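In what follows, a structure is listed as structure tokens, so that the remarks can point back to it.
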Number of protein chains: 2
Amino acid sequence: MNNNSYCVVKMKKGLNQICYKFFSCLSNPTRLAAIEKLIQKPMSVNEIANALGEEQSMISHNLKPLLECNLITSNRHGKKRIYSLNTETMEALFKIVKNHAKKYCPKGGKCLIKED
Amino acid sequence: MNNNSYCVVKMKKGLNQICYKFFSCLSNPTRLAAIEKLIQKPMSVNEIANALGEEQSMISHNLKPLLECNLITSNRHGKKRIYSLNTETMEALFKIVKNHAKKYCPKGGKCLIKED
DNA sequence: ACACAATATGAATTATTATTCATATGTAAT
DNA sequence: ATTACATATGAATAATAATTCATATTGTGT
């Protein structure tokens, strides 16, 4: 999955190579829930796990791809490792998604299937 | 998967419900490749399939979630159904991803794993 | 150096998602 | 109404990703 501190995605071409891992990070309920917690404030793995009622190791596994894609960062604080959201990218991203949803998902969270 | 023209995602809460399907659509090499083709110009299923060297039915299957999320639209033109990109959303999105990649993926398409 | 706390890792299992192939549906022209 | 072209659908299989659980690692304070 990575060749020495770089992660290379096997990909067909172009756009894909950059985008696939990026969007994959975000297309997972657990990771989205973790991100949602990190919007509030930086947290440790255990804090996120407790807040979500999930196992510590599961959260740890899930934070990894987010870190690799730099959607979150981490640094030590005493014996804890604190994870923070990359707010620059994430806020810009959510702004677009929310805008899109407002336009196309009138029933709050459900996507309208448009017919032509 | 959908209850009568609406698709409902089973989801833990909040942000997730809106975001999960959105990002899921985009975290797939085939769909990203199809989108890349549609950036150039609107196309039919067969045109996309030929351009990518893939089966027609596979592309058809893959366009469906993009349609449901309104990331593409479609309309008939004679016997063909022409698919077009929702450029408003997609261009804004790619702009963010490219910007993020420029900042964090110095080796063009490979993601730098940051150590602290 | 030791013990503890916090987090990470690996590998097996389970769950989810993609692809394929056969076939159905729809459309337009003759 | 029949044919041919274009696309969609369903269901089986294959591929990929997520979760779990046991355990390893790493850092901290004593």
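We name chains A, B, ... by the order of the sequence lines, and we start the count at 1 in each one. Note that this is a predicted model, so its numbers are computed, not measured.
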Q. Is any N or O donor-acceptor pair between the side chain of A:Gln56 and the base of C:dA8 shorter than 3.5 Å?
A.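 Yes.
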Under 4.0 Å between a side-chain N or O of [X] and OP1 or OP2 of [N]?
X: B:Asn62; N: C:dT19; result: yes
X: A:Asn46; N: C:dA5; result: no
X: B:Tyr83; N: D:dA8; result: yes

Q.
Under the rule for ring-ring contact (aromatic ring centres under 6.0 Å, His included), what residues qualify as partners of A:His61, not counting sequence neighbours?
A.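 Listed in chain order: nothing, the list is empty.
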Which nucleotide in [options] has an atom nearest any side-chain atom of [X]:
X: B:Ser60; options: C:dT19, D:dT7, D:dT20; value: D:dT7
X: B:Met58; options: C:dT7, C:dA18, C:dT19; value: C:dT19
X: A:Asn28; options: C:dT17, C:dT7, D:dA18; value: D:dA18

Q: Specify the residue among A:Ser27 and A:Ser57 whose closest nucleotide of DNA chain C lies further upstream toward the 5′ end.
A: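 With A:Ser27 and A:Ser57 compared, the 5'-side residue is A:Ser57.
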Checking the side chain of [X] only, and the main-chain atoms of [Y] only, is there a donor and an acceptor separated by less than 3.5 Å?
X: B:Asn62; Y: B:Met58; result: yes
X: B:Arg76; Y: B:Arg81; result: no
X: A:Arg31; Y: A:Cys25; result: yes

Q | Criterion side-chain contact (heavy atoms from CB on, under 4.5 Å) against B:Leu71, the qualifying member of B:Leu63, B:Leu38, B:Leu85, B:Thr89 | A |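 Answer after filtering B:Leu63, B:Leu38, B:Leu85, B:Thr89: B:Thr89.
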Q | Distance in angstrom units between B:Glu55 CD and C:dT23 P, rounded | A |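 Rounding to the nearest Å, CD of B:Glu55 and P of C:dT23 are 15 Å apart.
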Q. D:dA8 P sits how many Å from B:Glu68 CD, rounded?
A.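 About 12 Å, once rounded to whole Å.
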(Q) For a quick check, with a 4.0 angstrom heavy-atom cut-off, what is the B/S/- contact string for nucleotides 25-30 of chain C, read 5' to 3'? (A) --SS--
Q) Just by distance, with hydrogens left out, do B:Tyr83 and B:Asn75 show a side-chain donor and acceptor under 3.5 Å apart? A)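 No pair is found: no donor N or O on one side chain lies under 3.5 Å from an acceptor on the other.
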(Q) Holding to side chain to side chain donor-acceptor pair (under 3.5 Å), I want the full list of residues that pass it with A:Ser24, two or more places apart in sequence or in another chain. (A)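 Per chain and number, A:Ser24 pairs via side chain to side chain donor-acceptor pair (under 3.5 Å) with no residue.
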Q | Residues in side chain to side chain donor-acceptor pair (under 3.5 Å) contact with A:Ser57, at least two apart in sequence or another chain | A |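 Partners of A:Ser57 by the side chain to side chain donor-acceptor pair (under 3.5 Å) criterion come out as none, since no residue qualifies.
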Q. Of all residues at least two apart in sequence or in a different chain, which pass the salt bridge (Lys or Arg N to Asp or Glu O under 4.0 Å) check with B:Glu88?
A.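 Salt bridge (Lys or Arg N to Asp or Glu O under 4.0 Å) list for B:Glu88, sorted by chain: A:Lys103.
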(Q) Stacking between C:dT19 and B:His61, yes or no? Criterion: centroid separation under 5.5 angstrom, plane angle under 30 degrees. (A)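 B:His61 vs C:dT19: stacking no.
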Q.
At 10 degrees resolution, what angle do the end axes of the helix from C:dA1-D:dT30 to C:dT30-D:dA1 form when each is taken over five base pairs?
A.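 The value is 30°.
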Q: Classify the nucleic acid contact of A:Ser44 as base, sugar-phosphate or nothing, counting any heavy atom under 4.0 Å across all strands shown.
A: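 A:Ser44: backbone/sugar contact only, no base atoms under 4.0 Å.
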